[in-house]
Amino acid sequence: MYSKITGTGSYLPDRILTNAELESMVDTSDEWIRSRTGIEKRHIAADDQTTCDLAEKAALSAIKAAGINASDIDLIIIATTTPDLVFPSTACLIQERLDIHGCPCFDVQAVCTGFIYAMSIAEKFISSNSSTCALVIGAETLSRIINWKDRNTSVLFGDGAGAVILQASETQGILSSHLHADGQYANLLNVPAGISSNHEMIKADKAFITMQGNEVFKVAVNTLGRIVDETLTANSIKKEEIDWLVPHQANMRIISATAKKLDMSMERVIVTVDQHGNTSAASVPLALDVAVRDGRIKVGDTILLEAFGGGFTWGSVLLRY
Ligand code: COA
């Protein structure tokens, strides 16, 4: 059994944080942020808004677009690095909000590659006849793990959620998925605290993203180049057969490097990093939903989703929309 996306949805919190506002918070400039990252603004969740709140809105929008009832869903996977609670999973919280009961629900933690991991897992559930209708979400409140006094990281990230409904289909939707990780790079991008390690940092409200940006940049560009080759080879497909690249939205320069690798003009690349910043696991489904709703992505298009993130983790999904 094949898997096909039948609906997409997304949600961004109302509050917009501009580069100009960041200039008053840290020693930075709109010019520096735009030229190094391409980011103009990002959305920030309200104090009383959680990852589950954002995910729920994206999910309802995807459910509506797919024309299904919530009760048709028989699998929920949420990719997030910023879950509401240690447990239960945010997926279980969403299940309760949707008033559906009994189906498997779990969170996936692969940082910015999380949605790619979640899609790959959902596709395997469907192809093994364990599911017929999956709700797959990427949702984050990264603003909660940002040190707003650190100019190296605070200018990069934002909050949001994106979702898809992935259904069993007799025609091919997902053509292949490719997942990787290499934990030797854990120190280059992380939050160096958790429940069982450096817990005192959490209690002291000091558990924030740390990053060696230029090192991350170099590995990301090389690794994404390799995942593009791997995906094309696995499908015996030529670069020019890809209609749209929907990349993880970390940095305009990383996105351009991947487009160049594919000999793709930027007109065929979905870019939201300028408007959303890096929303980690939410970035790919958010960008996908934007391009579906504005009519660029159409039924039958061949689309390459790719992402890279902390771990390091990286992966791709090639699909026919
Ligand atoms: N505003 C102004 N100056 C800043 C700044 C900011 N927000 N952040 C860093 N700088 C300064 C640095 O302190 C450094 O100053 P120095 O030369 O006096 O030491 C200078 O800018 C250059 O820093 P560097 O880190 O070499 O810049 P860069 O060109 O590598 O750009 C990033 C920095 C973070 C934009 C870039 O490395 C990047 O995008 N990396 C990938 C990050 C990423 O995508 N992470 C998530 C992956 S999922």
Side-chain angles (χ1 to χ4, degrees), residues 17-42 79-82 108-118 138-140 142-143 145-160 162 179-192 208-227 246-259 269 271-274 276-287 305-316:
L17 178 63
T18 62
N19 291 350
E21 281 178 86
L22 278 164
E23 285 178 357
S24 65
M25 295 161 67
V26 285
D27 179 14
T28 191
S29 67
D30 176 49
E31 197 283 326
W32 191 97
I33 302 170
R34 280 178 199 251
S35 62
R36 304 285 178 124
T37 71
I39 300 168
E40 295 169 17
K41 57 187 182 185
R42 67 290 290 143
T80 186
T81 304
T82 47
V108 166
Q109 159 57 304
V111 204
C112 300
T113 319
F115 182 75
I116 302 290
Y117 269 61
E140 302 282 11
L142 285 183
S143 56
I145 52 169
I146 287 167
N147 176 359
W148 290 103
K149 296 193 172 85
D150 176 11
R151 69 176 183 174
N152 290 305
T153 51
S154 60
V155 302
L156 301 176
F157 298 99
D159 299 335
L179 304 181
H180 296 281
D182 191 342
Q184 73 168 309
Y185 296 108
N187 287 337
L188 293 184
L189 177 59
N190 64 21
V191 175
F208 301 124
I209 296 175
T210 69
M211 182 180 71
Q212 292 181 37
N214 43 15
E215 291 303 315
V216 175
F217 187 93
K218 280 185 250 168
V219 184
V221 168
N222 287 333
T223 307
L224 289 170
R226 286 206 309 277
I227 197 83
V246 184
H248 171 48
Q249 310 284 323
N251 178 308
M252 197 58 208
R253 291 185 293 152
I254 299 177
I255 294 173
S256 307
T258 311
V269 181
V271 175
T272 53
V273 68
D274 53 340
H276 303 166
N278 179 347
T279 58
S280 192
S283 93
V284 169
L286 256 165
L305 315 178
E306 49 85 341
F308 177 90
F312 289 144
T313 55
W314 62 99
S316 66

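Computed from heavy atoms alone, side chains included, the values below leave out hydrogens, waters and symmetry copies. By convention here, the first residue in the shown sequence is residue 1. Just so you know, ligand 1 is whichever comes first in the structure, and atom 1 is the first atom listed for that ligand.
- You'll find the side chain of Ile39 stays beyond 4.5 Å of the side chain of Val155, heavy atoms only.
- Under the 4.0 angstrom criterion, atom 16 (P) of ligand 1 counts as lacking any protein heavy-atom contact.
- Within a 4.0 Å radius of atom 19 (O) of ligand 1, the protein has no heavy atom.
- Taking NE2 of His248 as the reference point, atom OG1 of Thr279 lies at 7.5 Å (rounded to 0.5 Å).
- Each of the atoms 7 (N) of ligand 1 lies under 4.0 Å from some heavy atom of Val155.
- Side-chain contact between Ile33 and Thr28 is present, with at least one heavy-atom pair separated by less than 4.5 Å.
- Here CD of Glu40 is found 10.5 Å from OG1 of Thr18. Values are rounded to the nearest 0.5 Å.
- Less than 4.0 angstrom separates atom 26 (O) of ligand 1 from at least one non-hydrogen atom of the protein.
- In terms of N/O distances under 3.5 Å, ligand 1 is not approached by Cys112.
- Two residues are said to be in side-chain contact when any heavy atoms from C-beta on lie closer than 4.5 Å; Leu17 and Leu22 meet this criterion.
- Nearest to atom 7 (N) of ligand 1 among the protein's heavy atoms is Arg151 O, 2.9 Å.
- The protein heavy atom nearest to atom 45 (N) of ligand 1 is Met211 SD, 3.3 Å.
- Within the 4.0 angstrom cut-off, atom 22 (C) of ligand 1 has one or more protein heavy-atom neighbours.
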Problem set entry | CA sep, side-chain torsions, deciding dist, call: Glu23, Ser29, side-chain hydrogen bond (donor to acceptor under 3.5 Å, both in side chains) | CA-CA 6 Å; Glu23 285 178 357; Ser29 67; 5.2 Å; no

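- Protein heavy atoms are found less than 4.0 angstrom from atom 39 (O) of ligand 1.
- For ligand 1, the atoms lying closer than 4.0 Å to a non-hydrogen atom of Arg253 are 29 (O), 31 (O), 36 (C).
- Nearest heavy-atom pair, Val111 versus Gly310, reported as atom, atom and distance to 0.1 Å: CG2-O, 3.6 Å.
- Where the criterion is an N or O separation shorter than 3.5 Å, residue side chain and backbone included, Asn278 fails it with respect to ligand 1.
- Annotation for ligand 1: atoms under 4.0 Å from non-hydrogen atoms of Phe308 are 48 (S).
- Here the protein heavy atom with the shortest distance to atom 9 (C) of ligand 1 is Asn152 OD1, 3.3 Å.
- Atom CG of Leu189 and atom CZ of Phe312 lie 6.0 Å apart (nearest 0.5 Å).
- Between the OG1 atom in Thr223 and the CD atom in Glu306 there is a gap of 11.0 Å [rounded to 0.5 Å].
- Of all the atoms in ligand 1, the ones that sit under 4.0 Å from a non-hydrogen atom of Thr37 are 35 (C).
- If you check the side chains of Asn147 and Ser154, you find no donor sitting under 3.5 Å from an acceptor.
- Using a 4.0 Å threshold on non-hydrogen atoms, atom 42 (C) of ligand 1 counts as touching the protein.
- Any N or O atom pair closer than 3.5 Å counts here, and Arg36 shares at least one such pair with ligand 1.
- By heavy-atom distance, the residue among Phe217, Trp32, Phe157 lying nearest atom 33 (C) of ligand 1 is Trp32.
- Contacts of Asn214 with ligand 1, taken as heavy-atom pairs under 4.0 Å, involve both backbone and side chain.
- Exactly one of Thr82, Thr80, Thr153, Leu156 qualifies for a side chain to side chain contact (heavy atoms under 4.5 Å, CB included) with Leu142. That residue is Thr82.
- Per-residue contacts place Ala250 under 4.0 angstrom from the following atoms of ligand 1 (heavy atoms of the residue considered): 44 (O).
- When heavy-atom distances to ligand 1 are checked against a 4.0 Å cut-off, Thr28 comes that close through both its backbone and its side chain.
- Taking NE2 of His276 as the start and CG of Leu286 as the end, the distance is 5.5 Å to the nearest 0.5 Å.
- For atom 35 (C) of ligand 1, the nearest protein heavy atom is under 4.0 Å away.
- A pairwise comparison of heavy atoms in Cys112 and Phe308 identifies CB-O, 3.3 Å as the closest pair.
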